[in-house]
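Working notes for the structure below.
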Amino acid sequence: MFPDLFRRHLSVSIDGDVVDCVGNMFLLRRPMMAVHLRRRWTDAEKEQYKAMCISAAAQGIVPVSPFVSPVENEIRTRVLDAGGAVIHIVDHGFEERFKPSGKSMDTCADGRLLLVAESGAAVRGEKMSYRKASRLNELAARLAALTPASAIVLKGGRRLPPQ
């Protein structure tokens, strides 16, 4: 219906955050949940949180995260394998001719994946640090807090319509 929304979008303004995106922008209009495990949690707490996230995704909630920890990565994998959708905050920018590879390409084509990078981020990912992971998790939390009325402005001033 909106084929241009599935191209690489640079400098998208989302309620004041400027990000670059690849994938299904309409996932930003669905109910979302930031996925962020805490290092201090016990294994039992992590398992309980993982089950809760997977259950929420089965109900149509879109997990949003940089998916840094192994448990967060498992959540992403299980949600996608079950046919759900995710918004993945990546730690690198997008090259001029960027396209997702492998399974991510298929998931994007199915409309179940949105890749989001901080605007102007280096195209080569740097080593993950606590500070960087915290910044990406904060972005995920801000995106997950969006409402249907939140302003999402594509490059050129065009607004993303409500779904």
Side-chain angles (χ1 to χ4, degrees), residues 5 8-82 84-94 100 104 107-108 111-123 125-155 159-163:
L5 295 178
R8 183 175 64 111
H9 291 280
L10 300 177
S11 300
V12 175
S13 176
I14 302 173
D15 257 9
D17 283 304
V18 179
V19 296
D20 300 335
C21 301
V22 173
N24 184 354
M25 299 285 293
F26 282 108
L27 293 179
L28 294 167
R29 291 295 191 210
R30 293 190 30 203
M32 296 176 272
M33 176 179 101
V35 173
H36 181 196
L37 263 73
R38 305 306 193 265
R39 293 188 294 177
R40 67 180 180 275
W41 287 355
T42 66
D43 288 343
E45 289 171 318
K46 290 176 184 177
E47 285 299 313
Q48 183 179 16
Y49 185 74
K50 178 174 68 174
M52 188 266 303
C53 290
I54 292 168
S55 175
Q59 301 301 314
I61 306 293
V62 178
V64 183
S65 178
F67 300 104
V68 174
S69 80
V71 176
E72 291 169 351
N73 246 327
E74 184 181 349
I75 291 167
R76 178 182 54 85
T77 300
R78 296 212 18 216
V79 167
L80 290 174
D81 287 350
V86 300
I87 298 174
H88 188 167
I89 312 296
V90 296
D91 69 339
H92 58 81
F94 304 119
S104 292
T107 309
C108 264
R112 297 185 302 118
L113 177 64
L114 176 64
L115 301 174
V116 177
E118 295 174 299
S119 188
V123 294
E126 303 162 1
K127 187 173 181 172
M128 188 58 70
S129 66
Y130 179 80
R131 184 181 208 176
K132 184 176 189 176
S134 292
R135 192 176 69 241
L136 298 176
N137 279 314
E138 287 170 10
L139 175 59
R142 288 192 306 274
L143 292 180
L146 293 174
T147 66
S150 295
I152 301 174
V153 182
L154 306 177
K155 189 175 182 179
R159 289 184 169 267
L160 183 69
Q163 191 168 4

*When rounded to the nearest 0.5 angstrom, what is the spacing between CZ in R112 and CG in L80?*
5.5 Å
*asked:* Please report the interatomic distance CD1(I61) to CE(M52), rounded to the nearest 0.5 Å.
replied: 10.5 Å
*For E74, which residues count as a side chain to side chain donor-acceptor pair (under 3.5 Å) partner, sequence neighbours excluded?*
K50
*Are the side chain of R29 and the backbone N or O of L160 linked by a donor-acceptor pair below 3.5 Å?*
yes
*Check whether any side-chain heavy atom of S119 lies under 4.5 Å from a side-chain heavy atom of D20, and answer yes or no.*
yes
*How about V153 and R159: do any of their side-chain heavy atoms sit closer than 4.5 Å?*
yes
*Quick one: are C53 and P63 in side-chain contact, heavy atoms under 4.5 Å?*
no
*Could you check if a side-chain atom of L27 sits within less than 4.5 angstrom of a side-chain atom of M32, using non-hydrogen atoms only?*
no
_Spacing of R78 atom CZ and N73 atom CG [to the nearest 0.5 Å]_ = 13.0 Å
*Mark yes or no for whether K132, through its side chain, and D91, through its backbone, hold a donor-acceptor pair below 3.5 Å.*
yes
*Nearest 0.5 Å, what's the CG-SG distance between L143 and C21?*
8.0 Å
*Do V90 and V22 have side-chain heavy atoms sitting under 4.5 Å apart?*
no
_Least distance between heavy atoms, A140 atom then S65 atom_ = CB-CA, 3.9 Å
*In Å and rounded to the nearest 0.5 Å, what is the CG to CD1 distance from D17 to I152?*
11.0 Å
*Atom CZ in R40, atom CD in E45: separation rounded to 0.5 Å?*
8.5 Å
*V71 vs Y49 side-chain heavy atoms within contact, under 4.5 Å*: no
*Given side chains that start at C-beta, do those of L37 and I75 come closer than 4.5 Å, heavy atoms only?*
yes
*T107 side chain to S104 side chain, donor-acceptor N/O pair below 3.5 angstrom*: no
*Do M25 and L114 come close enough that some side-chain heavy atom pair is under 4.5 Å?*
yes
*asked:* More than 12 heavy atoms of other residues, nucleotides or ligands under 6.0 Å from CZ of R38: yes or no?
replied: yes
_All ring pair (Phe, Tyr, Trp, His ring centres under 6.0 Å) counterparts of H88, not counting sequence neighbours_ = F67
